[in-house]
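Computed from a prediction, not measured in an experiment: that's the story for all the values here. In each ligand, atom 1 is the first atom listed, and ligand 1 is the first ligand listed. When reading the values below, keep in mind they use all heavy atoms of this one structure, side chains included, and skip hydrogens, waters and symmetry mates.
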Amino acid sequence: MNTQTLLHRAIAASVTVTAGLALLAPTVALAAGVSAGTLIENTAVASYDDGAGPRTINSNTVTVRVDELLDVTLTSLDPGPVPTRPGEAVLSFELTNQGNGPEAFRLFANPSVAGNDFDVTVTAIAIDSNGNGVYDAGVDEILAEPQTTAELAPDAVVTLFVLVAVPDGVSDTQTSNVELAAEAVTGNGAPGTVFAAAGVDGGDAIVGTTEARAIARGSLVVGITSVGLTKAVSLRDPFGGDSAVPGTIATFTITATVSGSGSVTDLVVTDAIPEGTTYTEGTLALDGAPLTDAADADAGVASNADGIRVEFGPVPGGTVHTITFDVAID
Ligand SMILES: [Ca+2]
Ligand SMILES: [Ca+2]
Ligand SMILES: [Ca+2]
């Protein structure tokens with residue numbers, strides 16, 4: 001048997017080739033894929049029978065280190081425009097490190113958005129340090145300039161608060177938008193932009209599909225609600241006329257008008273019985289319906305000594321209530 005024949009016999013024998021793929025730690029499964037710095041090793045294996053028995057050979061091992069992808073998303077957490085009035089207001093956002101490596105993000109808040117009825121002043125950006133989703137003054141960390149998050153682990157999510165001051169002079173129902181932007185500290189730009197050796201373990205950092213920057217918009221709507229109170233009196237004297245003499249019945253009408261797009265809470269109207277008059281028992285009424293004088297389940301209480309008191313609780317803007325009661329001139 002010559003050399004050529006031996007070679008043919010070897011080729012005719014069963015030959016299988018497989019490739020082994022190994023992920024070396026860290027191997028956390030992330031939204032963005034395998035963690036940056038992970039070493040992916042690949043070795044091919046061939047097994048065959050050369051006529052003298054089964055044999056196995058390995059290829060050299062190829063090692064690939066996974067580079068760092070820079071990606072970020074930012075969303076508003078407010079379900080709608082935040083009701084506000086002159087003074088402080090808080091807008092809430094959520095930032096997610098969508099990359100596969102640890103990364104910090106620089107933050108920029110812009111209150112001058114085209115279309116605003118008014119612009120707020122940004123006073124601070126804070127991190128929800130205690131993770132309760134609500135801004136807690138004195139507890140949640142105010143970020144120092146330049147406003148930057150801590151280095152966030154891959155997939156980490158943080159809640160951010162933009163604290164703003166709403167100026168005096170705004171009108172009911174006016175709106176304003178505030179934009180919050182975030183940029184990966186390592187860099188950002190077109191997807192695929194490479195920052196050489198700036199990633200985990202000296203690997204490259206590569207900008208992902210989000211361009212490693214994000215922008216989200218929060219909004220505010222002014223809800224100024226006010227209460228107007230007017231009082232009127234009508235007289236019925238004992239002679240069928242309207243002169244004010246002893247025995248004349250004076251009917252007071254108090255009109256409470258709640259205006260604006262918001263609401264007021266704990267609205268209470270009180271009135272003292274004027275000196276020289278006596279409350280006519282059982283005459284207190286709200287919106288034309290009688291109220292008992294006693295302190296009980298209805299909204300009203302009345303007495304000659306303490307006057308009248310009607311409790312409304314919360315009242316939305318666009319509401320008018322009328323209270324009436326009688327006194328007799330002594
Ligand atoms: Ca990084
Ligand atoms: Ca908090
Ligand atoms: Ca009552």
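- For the pair OD1 of N132 and OD1 of N130, the angle at the Ca ion (ligand 2) is about 80°; rounding is to 10 degrees.
- Between R65 and T38, every side-chain heavy-atom pair lies at or beyond the 4.5 Å cut-off.
- No salt bridge links D271 with R309; every basic N to acidic carboxylate O contact stays at or beyond 4.0 Å.
- Taking both residues in full, the closest heavy atoms of T148 and V185 are given as CG2-CG2, 3.7 Å, listed atom of the first, atom of the second, then distance.
- Note on L95: it clusters hydrophobically with F93, by side-chain heavy-atom contacts below 4.5 Å among ILVMFWY residues.
- D128 contributes OD1 as its N, O or S atom closest to the Ca ion (ligand 2).
- At least one N/O/S atom of V134, from backbone or side chain, sits under 3.0 Å from the Ca ion (ligand 2).
- For D296, the N, O or S atom with the smallest separation from the Ca ion (ligand 3) is OD1.
- Under 3.5 Å, the side chains of N100 and S35 contain no donor-acceptor pair of N or O atoms.
- When distances to the Ca ion (ligand 3) are checked against a cut-off of 3.0 Å, A302 contributes no N, O or S atom below that limit.
- The nearest N/O/S atom of E103 to the Ca ion (ligand 1) is OE1.
- Of all N/O/S atoms in D298, OD1 sits nearest the Ca ion (ligand 3).
- Between the Ca ion (ligand 3) and D293 there is no N/O/S contact shorter than 3.0 Å.
- D136 and N130 are linked by a side-chain donor-acceptor pair at a separation below 3.5 angstrom, with hydrogens and angles left out of the test.
- Checked by atom type, the side-chain pair Y279/D326 shows no donor-acceptor distance below 3.5 Å.
- Between T278 and N304, the side chains place no donor N or O within less than 3.5 Å of an acceptor N or O (distance only, hydrogens not considered).
- Shortest distance from the Ca ion (ligand 1) to E68 is reached at OE2 (N/O/S atoms only).
- When O of T292 and O of A294 are joined through the Ca ion (ligand 3), the resulting angle is 100° to the nearest 10°.
- Taking the Ca ion (ligand 2) as reference, the nearest N/O/S atom within D140 carries the name OD2.
- The Ca ion (ligand 1) lies at 3.0 Å or more from every N, O or S atom belonging to E151.
- For D136, the N/O/S atom at the shortest distance from the Ca ion (ligand 2) is named OD2.
- Cluster annotation: V227 is connected to L286 through the hydrophobic network of ILVMFWY side chains, with a link wherever side-chain heavy atoms come within less than 4.5 Å.
- The nearest N, O or S atom of V200 is not closer to the Ca ion (ligand 1) than 3.0 Å.
- Taking backbone and side-chain atoms together, A295 has no N/O/S atom less than 3.0 Å away from the Ca ion (ligand 3).
- Side chain to side chain, Q98 and T210 fail the donor-acceptor criterion of an N or O pair below 3.5 Å.
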